[in-house]
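Notes for the one structure printed next.
All figures in this text were calculated on a predicted structure; none of them were measured in a lab. Numbering of residues begins at 1 and proceeds along the displayed sequence.
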Amino acid sequence: HIAMALGAIFLSILLVPIPDREDDFSHVLYDRNGVLLSATIATDEQWRFPLEETLPVQLKECILLFEDEYFLYHPGVNPISILKAFWANAKKGKIVRGGSTISMQVMRMARGNRSRTIYQKAIECLGAFKLELFYSKNEILEMWAAMAPMGGNTVGVSTAAWRYFQRDLDNLSNAEYATLAVLPNSPSQVHLGKNPGKLKARRDFLLTKLFRHHKLDSLEWQLSLEEPIPTEQFNIPFDAYHFLEFNKSQYQDRHIFQSTIDANLQSVVQSHVDAISVVYQADGIQNAAAVVIDNQTNEIVAYVGNSKDHKNLSRYVDCARAPRSYGSLLKPILYAYALDEGYFMPHEMVKDIPTHISGFSPRNYDKRFRGEAPLD
């Protein structure tokens, strides 16, 4: 009978589906120095950045101490934690403590955070065992970090680092790591815009726990307690958006794009294009684009597909790559060639009269001739 029971449990474990780590992520574009340039929201309307690299050690320590202190030692389910949670909840007559391990939480998040029934808890336990069979502890921890709700439509620690602190995961303080670790605990009830005092209390509790476990020294602990909780979410930047869309179309199996664009130069070029576009809109010219290439390295260092002017209804069209007539393409090349060879000077007057070349009769865009016009 024992063998049959164990066999049934093992079969149940194998039948429970587990996440395959191919979640619906945002597409993210970074500049040459790792600065966030632009991102697209995932299809489920969540900002969910994929993890670029391994989690920082400080963040791992925060997550483990707050969520699952014995994660590295249990097989996916911690029976002692479950018993303690059952006893505490029975004494209070309501749920005041959870016994879920990080592996169980990954299963719950992967299954859409369904209602917490005994059946669902059993599925989570079986799935947690299976996760531990197929993935390493580090991989499971990374799954949790990528799926954890961080308040509103912000999902995952990498996304939260940019939305709350405007920096990547490798450049946060101990207090900021602690904040990220405690945010997934009741994110709908405690976040930046709701109960910030309670959020700070949880963060400070974790910082104190880190100090008692000798993860922080006395000075680091005191300074971390003094750091304020962020008060707002920052908008995801919208720079080089057209370049991100181009990369998405070229590399459909990728979500992270590390580019050669320089964020500072991109901002300057975008400002120039926007300013020029405003002037030319009076003449009915709605679009403007600019691509800057480093002649020494042949790298694209700025890419502006269109102006950001909200009156421009076609601002999402990438005019840097939009097809255009050969005449339009050849004009600047012929102009530069004429100057290089010394045929003309920029302000030299040239003929603008009807011309016939082997049956071809070129005309100006407005179908008028001016007799003479300066080359430029």
Side-chain angles (χ1 to χ4, degrees), residues 18-56 110 135-136 138-139 142-148 150 153-163 166-171 234-267 269-270 273 287-308 314-324 329:
I18 58 174
D20 59 3
R21 306 195 71 181
E22 294 297 327
D23 213 334
D24 179 22
F25 290 111
S26 300
H27 290 84
V28 189
L29 175 69
Y30 296 98
D31 91 331
R32 64 195 311 128
N33 299 311
V35 175
L36 178 64
L37 287 170
S38 192
T40 59
I41 200 165
T43 56
D44 60 355
E45 302 299 316
Q46 304 293 309
W47 290 108
R48 185 187 296 105
F49 291 6
L51 283 173
E52 305 166 61
E53 50 198 24
T54 57
L55 291 173
Y135 295 103
S136 68
N138 195 58
E139 287 175 321
E142 288 179 351
M143 285 186 197
W144 183 94
M147 299 166 66
M150 293 287 170
N153 65 341
T154 301
V155 178
V157 295
S158 185
T159 320
W162 282 107
R163 295 210 75 184
Q166 292 190 300
R167 296 192 303 282
D168 61 52
L169 279 179
D170 287 328
N171 291 291
F234 294 97
N235 291 327
I236 299 297
F238 191 64
D239 299 320
Y241 167 80
H242 301 93
F243 193 58
L244 173 59
E245 289 296 315
F246 167 63
N247 278 281
K248 281 174 57 181
S249 66
Q250 294 294 107
Y251 309 99
Q252 298 181 10
D253 59 337
R254 291 172 56 185
H255 287 85
I256 296 177
F257 302 102
Q258 302 282 355
S259 73
T260 56
I261 288 176
D262 182 296
N264 293 326
L265 184 59
Q266 175 72 24
S267 178
V269 175
Q270 181 74 62
V273 169
N287 303 290
V291 176
V292 181
I293 297 174
D294 185 328
N295 287 337
Q296 298 299 315
T297 63
N298 205 34
E299 294 174 338
I300 293 176
V301 291
Y303 189 108
V304 176
N306 214 326
S307 68
K308 286 185 177 181
S314 57
R315 62 185 179 275
Y316 293 107
V317 176
D318 185 357
C319 290
R321 291 183 48 79
R324 63 204 68 198
L329 288 173

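With rounding to the nearest 0.5 angstrom, the CD atom of Glu142 is 11.5 Å from the OG atom of Ser158. For the atom pair Tyr30 OH and Ile256 CD1, the distance stands at 5.5 Å (nearest 0.5 Å). Interatomic distance, OG of Ser267 versus CD1 of Ile261, reported as 12.5 Å (0.5 Å rounding). Remark: Phe25 CZ to Asp44 CG distance equals 10.5 Å, nearest 0.5 Å.
Remark: Gln250 CD is packed, more than 12 non-hydrogen atoms of other residues, nucleotides or ligands lying under 6.0 Å away. Applying the 6.0 Å contact sphere to OH of Tyr251 captures no more than 12 heavy atoms from other residues, nucleotides or ligands.
A heavy-atom distance below 4.5 Å is found between the side chains of Phe243 and Ile300.
The ring pair (Phe, Tyr, Trp, His ring centres under 6.0 Å) search around His27 returns His255, not counting sequence neighbours. Scanning for side chain to side chain contact (heavy atoms under 4.5 Å, CB included) contacts around Arg167 gives Phe165, Asn171, Leu172, Glu176, with sequence neighbours left out. Applying the ring pair (Phe, Tyr, Trp, His ring centres under 6.0 Å) criterion to Tyr241, with sequence neighbours excluded, gives Phe238, Tyr316. Checked against side chain to side chain donor-acceptor pair (under 3.5 Å), Gln46 has no partners two or more places apart in sequence or in another chain. The salt bridge (Lys or Arg N to Asp or Glu O under 4.0 Å) check on Asp239 picks up Lys308, with sequence neighbours excluded. For Trp144, the side chain to side chain donor-acceptor pair (under 3.5 Å) partners two or more places apart in sequence, or in a different chain, are Gln105. The side chain to side chain donor-acceptor pair (under 3.5 Å) test applied to Asp318 returns Tyr303, not counting sequence neighbours. With sequence neighbours excluded, the residues that form a side chain to side chain contact (heavy atoms under 4.5 Å, CB included) with Ala290 are Val269, Val273. Residues satisfying the side chain to side chain donor-acceptor pair (under 3.5 Å) criterion with Asn153, sequence neighbours excluded, are Arg163. Residues satisfying the side chain to side chain contact (heavy atoms under 4.5 Å, CB included) test with Ala145, not counting sequence neighbours, are Leu51, Leu55, Val157.
When all heavy atoms are compared, the tightest approach of Leu29 to Ala240 is CD2-O, 3.5 Å. When all heavy atoms of Ser259 and Leu37 are compared, the pair lying nearest together is OG-CD1, 3.9 Å. The two residues Ser314 and Asn306 come nearest to each other via the heavy atoms O-ND2, 3.1 Å. Residues Asp31 and Gln258 share a closest heavy-atom pair of O-OE1, 4.1 Å. The heavy-atom pair separating Ala161 from Leu169 by the smallest distance is CB-CD2, 3.9 Å. The two residues Ala320 and Ala289 make their nearest non-hydrogen contact at N-CB, 3.7 Å.
For Thr54 and Asn138, the side-chain atoms include no donor-acceptor pair closer than 3.5 Å.
Counting only distance, with no hydrogens or angles, the side chain of Thr260 and the backbone of Val301 share no donor-acceptor pair below 3.5 Å. Looking only at distances, a side-chain donor or acceptor of Thr159 sits under 3.5 Å from a matching main-chain atom of Phe49. The backbone N or O of Asp170 sits less than 3.5 Å from a side-chain atom of Asp168, completing a donor-acceptor pair. The backbone N or O of Ala42 sits nowhere less than 3.5 Å from a side-chain atom of Asp24 that would complete a donor-acceptor pair. With hydrogens and angles disregarded, no donor-acceptor distance shorter than 3.5 Å links the side chain of Ser307 to the backbone of Asn287. At distances below 3.5 Å, at least one donor-acceptor pair connects side-chain atoms of Arg324 with backbone N or O atoms of Cys319. With hydrogens and angles disregarded, a donor-acceptor distance shorter than 3.5 Å links the side chain of Ser249 to the backbone of Phe246.
A salt bridge (Lys or Arg N to Asp or Glu O under 4.0 Å) check over residues 295-307, counting only residues at least two apart or in different chains, returns the pairs Arg32-Glu299. Pairs passing the salt bridge (Lys or Arg N to Asp or Glu O under 4.0 Å) check and including a residue from residues 244-257, sequence neighbours excluded, read Glu245-Lys248.
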Checklist line | Stepwise side chain to side chain contact (heavy atoms under 4.5 Å, CB included) test for Val304 and His242 | finding: CA-CA 7 Å; Val304 176; His242 301 93; over 6 Å; no

